[in-house]
Every structure is written in structure tokens, then in C-alpha cells.
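Written below as C-alpha cells is the structure these notes are about.
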Amino acid sequence: MLTIQNLHVSVEGCPILQGLNLEVKAGEVHALMGPNGAGKSTLAAVLAGKEGYEITEGEVLFEGRDISELSPEERSHAGIFLAFQYPVEIPGVSMIQFLRAALNAHRAAKQQEPLDTAELMALLREKAALLKLDPAFLSRSVNEGFSGGERKRAEIFQMAVLEPKLCILDETDSGLDIDALKIVSDAVNALRSPTRAFLLITHYYRLLQYIRPDVVHILVEGRIMRSGGPELAVELEEKGYEALLSTA
Amino acid sequence: MQPIEEDVLARHFSREYEWGFESDIEQEYAPKGLNEDVIEFIWTKKKEPPFMLDFRMRAYRAWRDMREPHWLNAYYDPIDYQEAYYYAAPKSISQNRPRSLEEVDPEIRRIFDRLGIPLHEQEILAGIAVDAVLDSVSVATTYKEKLAKMGIIFCPISEALENYPDLVKRYLGSVVPYNDNFFAALNSAVFSDGSFVYVPKGVKCPIELSTYFRINARNTGQFERTLIIAEEGSYVSYLEGCTAPRRSEHQLHAAVVELIALPNSYIKYSTVQNWYPGDKEGRGGVFNFVTKRGIAHENAKISWTQVETGSAITWKYPSVILKGDNSIGEFYSVAVTNNYQQADTGTKMIHIGRNTRSRIVSKGISAGKSNNTYRGLVQVLPSAENARNFSQCDSLLIGNTCGAHTFPYVEVKNPSAIVEHEATTSKIGEDILFYCNQRGIPTQEAVELIINGYCQEVLANLPLEFAVEAKKLLAISLEGSVG
């Protein structure tokens with residue numbers, strides 16, 4: 001599904017990713033771990049198409065297609081979803097209005113008619129239940145006055161609604177208490193399917209106790225230093241980055 | 001947040017003013033310029049009662065001795081008042097007012113049809129009575145008979161002067177005196193038409209009353225006068241909308257609106273102002289110099305809601321004199337400026353009675369090279385025991401070449417008063433746009449969504465039909481202002 005080859009990315013002339021290789025197949029869950037400043041969030045931003053991230057070398061293929069020239073919304077329509085580390089507030093715009101606009105933009109890209117209100121509401125209520133969100137949440141403004149945990153749940157809720165092919169979760173676990181972490185993990189597990197892939201960006205082993213990854217990668221200084229099965233995360237938890245990498 | 005790229009902005013300033021068409025209608029004019037003879041001409045033309053000649057003359061003489069105000073935060077060249085016409089009326093109406101909608105000149109009907117304001121009663125949106133005003137003359141008022149059965153008068157003010165001269169005489173100039181300010185004096189001297197509303201005691205007007213103003217003739221000022229009287233315990237919701245042809249010269253619009261809310265009554269006044277704003281280089285456009293003021297007696301409430309998207313310059317401060325105890329004044333405003341538009345708008349809340357309350361919510365949105373100013377006064381007089389005010393003034397900037405300014409004046413002369421003022425300034429940043437884009441929402445649509453959300457509190461105060469219209473206008477006014 002996602003093939004990244006020798007990716008070099010600079011931000012304001014400063015190289016962040018330096019020859020990153022990654023292959024994610026449909027149905028797989030990959031965890032990307034690494035110390036602060038390793039380039040984890042940069043990778044998420046590059047995949048989503050954020051401006052200001054310059055690919056200086058290498059390529060990113062999504063379902064065999066080079067996505068570097070696609071706009072963020074085209075990537076979204078193609079099936080790439082990013083659960084943000086710091087979701088923004090959109091005052092005065094309810095989750096219903098926001099997701100109506102998003103869903104209908106996705107449908108328009110597929111030459112489908114917009115959803116009518118009844119269909120939209122049925123879908124939103126169903127997905128809200130998956131995240132154990134009070135339906136009243138749908139009428140609240142997007143992320144406005146939400147706690148950190150609520151924002152993260154709202155991100156996964158949006159992911160459930162938009163049903164993307166590739167789900168990138170950028171430190172979704174940070175700021176979640178144990179109950180919220182469990183709710184989010186349950187929802188992610190429920191969304192796992194043979195046609196969908198996940199890229200979990202995280203600092204902590206904790207998340208991986210709830211969402212079991214197929215592959216774990218350790219990113220250091222813009223390159224993947226080690227990859228392995230779930231046991232690699234356990235090893236990392238025990239030894240820490242420095243010790244783990246010096247023994248590698 | 002990073003600023004949005006300048007060239008991206010420029011690329012999008014593309015939308016033309018949609019209502020800029022011109023219509024060819026035979027007009028009858030007063031002689032050019034302004035002097036006592038012209039005042040008398042207007043008075044004679046309109047066959048008004050004698051007190052009106054006196055009112056107009058006093059206003060004219062007061063105006064003659066006043067100076068054009070230039071204290072606003074906007075620049076305009078002094079206007080040559082002798083180069084304009086102060087009375088222009090479609091000949092077919094000026095000579096013989098149509099008695100029914102069927103008698104309205106088909107060409108005039110076509111103008112309003114193109115504006116989406118059909119004057120055929122069966123086509124009019126249910127629940128809205130319309131008074132259509134073209135170049136200062138009312139051409140048609142719908143639903144008049146239905147309203148008359150409830151004792152509600154909704155008619156052109158010229159007709160009210162003919163049929164209810166005592167009512168007009170009693171209230172005209174009672175809230176905005178003939179010599180209140182330069183433009184109000186000019187209006188008092190030369191106004192030719194506008195709407196008159198009278199709601200009797202205890203009557204809740206069941207439908208929205210609406211006036212649609214259209215400037216058509218060249219080199220004419222539009223000076224309409226609106227007078228709304230709500231008797232004790234009554235309620236009325238009134239809407240006004242306006243457009244003008246696209247012209248390279250400026251057009252002057254100097255209106256006066258007076259609201260009288262008698263004890264326990266409620267007047268809700270909504271405006272969607274979409275006068276021609278001028279072109280992208282700032283040529284042409286309407287100078288919208290308007291005086292709007294209401295007086296609220298005991299337990300009465302006046303609520304102003306305005307969505308201002310048009311005009312080259314807007315100078316307008318819909319105000320409430322909270323005279324009666326427990327009276328309430330509200331002001332909800334969205335003012336959008338783009339290209340070279342300049343807006344200096346806000347409100348005045350004058351607390352006189354005890355326990356008076358006022359609420360101000362102002363949302364300014366500036367784009368292009370425009371300037372958007374909020375100017376407001378909250379005044380609590382010594383008599384206003386326990387007065388309360390809350391003001392929220394927010395500014396949203398789009399791009400790096402526009403300006404937003406806030407001048408809140410607060411004068412409190414009673415120590416029991418509580419006055420709160422909150423203000424924010426924000427930009428539509430790349431972060432929020434990227435967030436929307438990531439969810440699949442294209443930038444232009446995202447901007448509309450964000451703007452509508454930003455204005456939500458104000459738009460929620462508009463009657464539904466108007467809110468839909470206002471949202472479309474906001475989208476169009478700002479179309480392409482963000483890349």
C-alpha cells in the first residue's frame with residue numbers, strides 16, 4: 001500500500017529525514033518509534049502533504065502512485081488519514097458540519113451524490129458509539145474546549161467516519177488517560193481490516209500493549225535503524241534507545 | 001501560525017459583484033444640486049403635509065452650516081454635493097403610484113426579479129412581506145392587506161405621510177433629530193421614501209417585514225428614511241437588504257432609521273448590506289453613511305443584527321437609547337471588507353434607565369487591502385443603576401495587507417454598573433486550513449466553513465431565510481481571499 005524509498009526531506013533547508021525506507025502492506029499495523037527529533041512527525045506531515053516539507057530525494061508511492069504532487073485534499077480523497085498530534089479548534093463549526101463537508105468532498109471526488117441529513121446522522125451516531133462518545137458531542141464545535149483526551153478520541157472518531165485506507169496516528173496516545181487509551185485502542189482494533197493499514201507513531205510501549213503491531217520500526221536521525229516484530233518494542237521498553245541501538 | 005502567501009491571495013481575487021447590472025428606466029429628476037428650491041421641489045413632488053416642508057427646511061439649513069465628517073478611520077475625498085441629484089424616481093411611479101402589483105412597470109419588476117425579489121405575491125416566500133424601494137421610491141409593498149387586518153401598517157413612508165400624518169409627525173426626528181449629524185441632516189432635508197411600520201398595542205407581527213433597497217439611477221444619492229413604531233407589548237421583526245449597479249463613480253447612500261420601542265415591546269432589526277463595494281482597484285462603490293438609532297422604553301428590547309459585506313465605505317453605528325427601566329439593547333454584527341473597502345462600524349448603547357442591559361457582539365473580517373474598524377460606545381449615565389454591558393469584539397485577518405482596528409469607548413457614571421469587554425484578533429492560519437484539507441475539504445470551502453463558524457453567533461440571530469442569504473454573501477465576498 002505504502003512504499004517509501006530513500007526519502008530525504010528538508011524543512012527550511014534543514015535535512016530531517018535522511019534516506020528513510022518503509023514498506024507498509026494492506027492489513028498491516030506498523031509502529032514507528034524513536035526519540036524526540038528523530039523525524040517521526042515530519043514523516044506524518046510529508047505523507048499528508050503539508051506545505052513547507054521539501055522532498056529532496058527519494059519517493060513516496062501510495063498504491064503504486066507517486067503522491068508527491070498531490071494536494072493534501074487529494075491525498076485525503078485517495079485514502080490517507082492523519083490523526084493529528086495537536087488537533088486545531090474550529091470555533092463555531094460543529095462536528096456535524098465539519099464532517100458533512102469532509103464526507104461530501106470525499107464523495108464528490110468519487111462522483112457520488114452528497115449524503116442526505118438522515119444518512120449522515122445515522123453514520124455519525126454509529127461511529128460515535130464506537131468511540132463511546134456522547135451524541136451531544138456531534139453538535140459541539142470541532143475541538144473547541146475539548147480536553148486533550150477528547151481531541152484524540154475525536155480524531156479517531158473522524159477516522160472511523162472517513163474510512164481511510166492508510167491511517168497515520170501521530171502520537172495519538174499522548175495525553176490519554178488509561179480509560180481513554182483503552183477506548184481509542186478498541187476503536188482502532190475494530191477498524192483493523194485486510195484492506196486497511198496503520199502507521200502508529202508513538203513514544204511509548206504502552207499503546208502497543210493494546211494495539212498489537214505487526215512490525216515495529218525505530219527511527220533515529222531521520223533513518224530507520226532497526227525493524228522487528230512486537231518484541232522489539234518490549235526490548236526498547238527495557239533498555240531504552242541508547243542501549244538498544246549501541247547493541248544493534 | 002504562518003502567514004498565507006501573498007501571491008496565492010492575489011490569484012484568487014476574482015469574483016465580480018453579481019448584482020452590478022444596470023437597468024434603463026425613464027427617470028424623473030429634481031434639478032441638480034441642493035438648495036431651498038430643490039427642497040421645495042421634493043416637498044411639492046411628494047405632495048407632503050405642510051409640517052414636512054418646515055422639517056426639511058430646518059434640516060437643510062442645519063446641514064448647510066455643518067461640515068462633512070472625516071474623523072472616521074477611512075479616507076474619502078470631500079463630496080461635491082452640488083453635483084448630485086437629490087430626487088430620482090422612475091417616471092411611471094413618480095407620476096402615478098401603482099395601486100397594485102399588477103400596475104408596476106414590467107421593467108421595474110424585471111429588476112427585482114433579477115435580484116431574486118419577485119413582486120408577485122404568490123411567488124414571494126411565505127411569511128415575508130416586502131417593500132421594494134428603487135432609487136428612493138417605494139415601488140411595491142406586498143401583504144399589505146393581510147397586515148392591515150391586524151392593524152399593522154407597513155407602507156412607504158411617503159404613503160404614511162399621506163394617510164397617517166399625525167403618527168409620522170409625532171415620531172419623525174424623535175430619535176434621530178433633524179440636526180443630529182451631517183448625513184442625518186442631509187437625509188432629513190431630502191429623503192424621498194423608505195418604509196414605515198406601525199404595530200399596534202399587544203400585536204405580534206406574524207411575518208417578517210422586509211424592505212429591499214436598490215440604487216439604479218446615475219449620480220443620485222439614495223436617502224431613505226425608515227420609521228418603526230412598536231406600541232406597548234408588541235413585536236416586529238424587520239429586515240432590509242440592498243444592492244446597487246456596478247459604477248466607476250461613487251454613489252452616496254445616507255439613510256436614517258428610527259426605531260421606537262414602547263414599553264414591553266420588542267423590535268428586531270436585521271440588515272444584509274451588499275451595496276456595490278467598488279472594483280479591485282478601489283474604483284467606485286457606495287458610500288454608506290447611515291444613522292440608525294432606536295429608543296427602548298420600559299422593559300422594551302431592541303436588537304440590531306447586521307451583516308455588512310458591501311459598500312466602498314461603511315460608516316454606521318446602529319444604537320440603542322436604553323431609556324426605560326429594564327430595557328435591553330443588542331447589537332450583533334459581521335462586517336466583511338475585501339480589496340479596498342473601508343468599514344468603520346459599531347454601535348452605541350446609552351444606558352439611562354435602571355437595570356438596563358446591553359450586549360454587543362462584533363465580528364470583523366478583513367481581507368485584501370481593506371480596513372475594518374469597530375467603533376463602539378457604552379455609556380452608563382448616573383441614573384442607570386445596575387446597568388450591565390457585555391461586549392465581544394473579534395477581528396479576523398486574512399492575508400497580510402489588511403487592517404483591523406478596535407475603538408471601544410466606555411463611559412460609566414454610575415458605580416453599580418458592570419461593563420465587560422472582550423476582544424480577540426486572529427488569522428486564518430495554515431494550520432487550520434491544513435487540518436481541513438487533510439480531511440478532504442478544499443481550501444475555498446474550508447474558508448467558508450471557518451468564516452461561517454466564526455460568525456455563527458451573529459448569523460444565528462438572523463431569520464432563517466436571511467441567514468442562508470447572508471452565508472452565501474459571506475462566501476462570495478471572501479471568495480478567493482485565501483490560497
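To find a chain, count down the sequence lines: A is the first, B the second, and so on, and within it residues start at 1.
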- Within 6.0 Å of NZ in Lys301(B), more than 12 heavy atoms from elsewhere: yes

- Item | Tyr435(B) ring center within less than 6.0 Å of Tyr86(A) ring center | no

- Item | Residue pair Cys436(B) / Ile90(A), side-chain heavy-atom distance below 4.5 Å | yes

- Side chain, backbone, both or neither: which part of Pro164(A) has a non-hydrogen atom closer than 4.5 Å to chain B? neither

- Message: Return the CG to OG distance between Asn437(B) and Ser71(A), rounded to the nearest 0.5 Å.
- Response: 7.0 Å

- Query: Can you tell me if CZ on Arg196(A) sees more than 12 non-hydrogen neighbours from other groups inside 6.0 Å?
  - Reply: yes

- Query: Given the options Glu155(A), Glu89(A), His106(A), Arg75(A), which has more heavy-atom pairs under 4.5 Å with chain B than any of the others?
  - Reply: Glu155(A)

- Could you tell me which portion of Leu82(A) (side chain, backbone, both or neither) has an atom closer than 4.5 angstrom to a non-hydrogen atom of chain B? both

- Identify which one of Asn452(B), Ile450(B), Leu449(B) satisfies the side-chain contact (heavy atoms from CB on, under 4.5 Å) criterion when paired with Val93(A). Leu449(B)

- Glu445(B) portion near chain A, given a 4.5 angstrom heavy-atom threshold: side chain

- Message: For Gln158(A) versus Arg439(B), what's the shortest heavy-atom pair and its separation?
- Response: OE1-NE, 2.5 Å

- Message: Can you give me the closest heavy-atom contact between Pro442(B) and Glu73(A), atom names plus distance?
- Response: CA-OE2, 3.9 Å

- Item | Donor-acceptor contact present, side-chain Gln456(B) to main-chain Pro91(A), <3.5 Å | no

- Message: Please give me the minimum heavy-atom distance between His77(A) and Gly440(B), naming the atom from each residue.
- Response: NE2-O, 2.8 Å

- Query: What closest approach, in Å, do Gly49(A) and Phe434(B) show between heavy atoms, and which atom pair accounts for it?
  - Reply: C-CE1, 3.9 Å

- Item | Portion of Glu74(A) that has a non-hydrogen atom of chain B nearer than 4.5 angstrom | neither

